[in-house]
Amino acid sequence: MVHKKEEYKADCYGDEVREHIVEFAENGGFEAIPEDERDEWFTRFKFWGVFHQRSGQESYFMMRLTNASGILSPGQLRAIAEVAREYATGPAENPEFGNGWIDLTTRQSVQLHWIELEDVPEIWEKLEEVGVSSRSAGGDTMRNISGCPLHGKAEEYVETGDLLKRFQTELRGDDALANMPRKFNISATGCKVGCAQDSINDVGFEPARKEIDGEEVRGFNVRVGGGLGGRQPRAATPLDVFVRPENAYEVGRGFVELYHDHGGRQNRSKNRSRFFADDWGMEKIRETLQAGYVDFDLHTAGEDFREEYTYNAGRSPEDGPHDHVGVGDQRDGRNYVGLSVPVGRMPAGDAIALADLADSYGSGEVRLTRRQNPVIVDVADDDLDALLAEPLLSTYSPTPSIFDRGAMACTGTEFCSLALTETKVRMSRMLRWLEANVDLPDDAGGIKMHYSGCTADCGQALTADIGLQGMRARKDGEMVEAFDIGVGGGIGAEPSFVEWVAQRVPADEAPAAIKSILEAFAAHRTEGQSFREWVEETGTEPIVELCEPAETDFEAPYMHDGKQAWYPYADGEKPAAASPNPAPSDD
């Protein structure tokens, strides 16, 4: 028996959803949706990047945008920020970020909140004038394509620009493949840094080489079935396939079609491609792909470059870049400048100012990374010092603190119906507290601290040096917001997921627990040793003993919220209740 959402999608999905959104918008917005059909329409809206926000925020929507591999062409960031300033404003200011801002995502794109349905057609018009779309940004479909944000700018072993464009226009643009069993993530990178994080994608293309007919050929190895969430993460498995660049699109499309045709549509907690890959196994997938989905002979895997991966790999900074923050060389002799946005949230005015800087000092193009950060590209040597002296870069620094640089956070209870805890405000305040209270050696490298409000792990806590997942706990007879704390995650040659060292730590005691772990790291590490290397050497059992939750002077916001208030605007007047179970934003 198929899941009820499959029935919703069978009646209407993909491109045809857009006309219904427009019709609802023109006839009263949220109130025009029949109350007994809201679950169905909210499921369908997601294909066009329109997500109903959680209970207590009825009539408001999040809009997710899509831009393959994080490229924002000149004028696009400004248009997005202007839309945020005009339309993405809530009934009250966020206590940390004010009103009207953009959220940068871990899939190299942008989310806007507090959107009202009647404004969606006008927002689409303003964004699509500059080539920005929300199509296929959510729901059971192929999500934003991940790639090296500096492809075409920095050195690549294999060029990926054309492949990424084909994935975006031909594959994601094919309405016949809109209705997938579940959301589906694709990545492709030709650099040797590993920044597309192929290990946590449903299908990933990594640079490789292979001798074929006596000639060394550059191309890609293929991995499938990676993903996070639900405490059941999987690192993508090698498919034992090497493809030339000119054949990579067909293999990517072939696996998408295979999963579209054969992926389960019953149990939504078990129908991601990682479970499909486990069930079928690599040999059956490869044989089926060869027999029915590609029309050329598949080669066995070539030699990859995973030993050189440094992006979020827990290695020393001396080994190579672990993010795209800072000043770096482009292959054309110009520079890129990556800025740190600690939890990925930027007020609209600052985003407009960033677009101005990109115009003044670069080509106007801005690239977004998988770590929720923007990169200004095409900066000439003669303009570099002036750009670095701009006031905006004191807020979003290319040389941030060790804690700001490594921080990521998901949406949290502010808008998400799945989340158990608030994330963005708490993480921002915790970063400041750690900066003031923890001293780390200069050679400690980066500390990647990721915060997810629940086990769906949109904040990628499982891949962090220190991973935080939102939970609930009882303290002094009351239910409070809490964390599970894990250590030792990372992506690289050997992807690993965090081991949990403390569970259900009340949010006001978690900073002390993190501080105690970091101080033990500083005291016991060897010179030059990274945090992940120290965890691997030490083992998690001793770290369990070193982790010491305690109350401090840290003031934990929203400890007792319990998602009962119109978070975080408890004084706001609630509109009439809508569906009791709004669809989660992770779907």
Side-chain angles (χ1 to χ4, degrees), residues 96 104 106 193 195 310-328 337-345 369-375 388 393-409 423-424 426-451 459-461 463-468 483 485-492 498 501 510-538 543 546-547 552 554:
E96 184 80 16
L104 306 180
T106 58
V193 176
C195 53
T310 55
Y311 191 88
N312 189 26
R315 296 171 62 175
S316 167
E318 295 179 357
D319 292 337
H322 52 93
D323 56 28
H324 291 95
V325 174
V327 178
V337 180
L339 310 184
S340 174
V341 182
V343 295
R345 180 165 289 178
T369 80
R370 293 207 62 167
R371 297 200 56 80
Q372 301 177 313
N373 292 319
V375 182
L388 297 176
L393 272 66
S394 64
T395 301
Y396 308 105
S397 176
T399 56
S401 75
I402 192 172
F403 296 111
D404 282 354
R405 182 167 189 158
M408 297 202 306
T423 54
K424 298 280 191 183
R426 178 173 290 126
M427 185 68 149
S428 296
R429 295 180 180 177
M430 193 159 60
L431 293 173
R432 292 195 291 268
W433 188 90
L434 290 170
E435 182 68 23
N437 289 278
V438 178
D439 291 322
L440 292 176
D442 291 338
D443 69 339
I447 300 292
K448 301 291 188 290
M449 187 160 60
H450 304 171
Y451 185 5
Q460 300 183 3
T463 69
D465 290 318
I466 300 176
L468 312 175
F483 305 158
I485 301 174
V487 298
I491 302 297
V498 296
V501 296
I514 296 167
K515 178 176 183 285
S516 67
I517 294 171
L518 290 171
E519 288 180 338
F521 161 63
H524 300 295
R525 65 189 284 272
T526 59
E527 184 176 354
Q529 191 174 43
S530 72
F531 185 85
R532 183 177 172 189
E533 290 167 341
W534 174 74
V535 170
E536 290 174 352
E537 180 181 280
T538 304
I543 297 175
L546 294 167
C547 181
T552 64
F554 176 75

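Quantities reported herein were computed from a predicted structural model and do not represent experimental measurements.
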Legend entry - Contacts of Asp323 that satisfy salt bridge (Lys or Arg N to Asp or Glu O under 4.0 Å) - sequence neighbours left out: Arg405
Inset, instruction - Determine whether Thr310 and Pro321 make a side-chain contact, defined as any pair of heavy atoms from C-beta on separated by less than 4.5 Å. - result: yes
Inset, instruction - Kindly say whether Asp404 contributes a backbone atom to a donor-acceptor pair with the side chain of Ser401 at under 3.5 angstrom? - result: yes
Legend entry - Over all atoms of both residues, closest heavy-atom pair of Pro374 and Val341: CD-CG2, 3.5 Å
Inset, instruction - For residues Ala522 and Pro441, report the shortest heavy-atom separation together with the two atoms involved. - result: CB-CD, 3.9 Å
Inset, instruction - Taking Thr463 for its side chain and Gly489 for its backbone only, find out whether a donor-acceptor pair lies under 3.5 Å. - result: no
Inset, instruction - Quick one: pull up CD in Gln460 and CD in Gln372 and give me the separation to the nearest 0.5 Å. - result: 8.0 Å
Inset, instruction - Measure the CD1-OG1 distance between Ile517 and Thr538 for me, rounded to the nearest 0.5 Å. - result: 11.5 Å
Inset, instruction - Sequence neighbours left out, what passes side chain to side chain donor-acceptor pair (under 3.5 Å) with His324? Give chain and number order. - result: none
Legend entry - Where at least one partner belongs to residues 433-444, residue pairs that pass salt bridge (Lys or Arg N to Asp or Glu O under 4.0 Å), sequence neighbours excluded: Asp443-Arg525
Inset, instruction - May I ask you to test the Val487-Val498 pair for a side-chain heavy-atom distance under 4.5 Å? - result: no
Legend entry - side-chain hydrogen bond (donor to acceptor under 3.5 Å, both in side chains) assessment of Tyr311 paired with Arg370: CA-CA 10 Å; Tyr311 191 88; Arg370 293 207 62 167; over 6 Å; no
Legend entry - Those residues that, when tested against Ala407, pass side chain to side chain contact (heavy atoms under 4.5 Å, CB included) (two or more places apart): Met427, Leu431
Legend entry - Gap separating the CG atom of Asp465 from the NE2 atom of His322, nearest 0.5 angstrom: 9.5 Å
Inset, instruction - Mind checking the CZ-CG spacing from Phe531 to Leu518? Nearest 0.5 Å is all I need. - result: 6.0 Å
Inset, instruction - State, to 0.1 Å, how close Leu434 and Pro511 come at their nearest heavy-atom pair, and which atoms those are. - result: CD2-O, 4.2 Å
Inset, instruction - Taking all non-hydrogen atoms of both residues into account, name the closest pair between Ser397 and Val325 and its distance. - result: O-CG1, 4.1 Å
Legend entry - Arg371 side, atom CZ; Cys195 side, atom SG - distance, nearest 0.5 Å: 12.0 Å
Legend entry - Nearest-0.5 Å distance that lies between atom CG in Leu468 and atom NE2 in His450: 10.0 Å
Legend entry - Chi angles and distances behind the side-chain contact (heavy atoms from CB on, under 4.5 Å) call for Leu546, Phe521: CA-CA 10 Å; Leu546 294 167; Phe521 161 63; over 6 Å; no
Legend entry - side chain to side chain contact (heavy atoms under 4.5 Å, CB included) partners for Arg429, two or more places apart: Pro95, Glu96, Val425, Arg432, Phe554, Pro557
Legend entry - Minimal non-hydrogen separation, Leu339 against Asn373, with atom names: O-CB, 3.1 Å
Inset, instruction - Report yes or no: does Asn437 contribute a side-chain atom to a donor-acceptor pair with the main-chain N or O of Trp433 at less than 3.5 Å? - result: yes
Inset, instruction - Using side chain to side chain contact (heavy atoms under 4.5 Å, CB included) as the criterion, list what pairs up with Ser530, not counting sequence neighbours. - result: Arg532, Glu533
Legend entry - Least distance between heavy atoms, Ala513 atom then Cys547 atom: CB-SG, 3.6 Å
Inset, instruction - Kindly say whether Val343 contributes a backbone atom to a donor-acceptor pair with the side chain of Lys424 at under 3.5 angstrom? - result: yes
Inset, instruction - Compare all side-chain heavy atoms of Trp534 with those of Ile543 and state whether any distance is below 4.5 angstrom. - result: yes
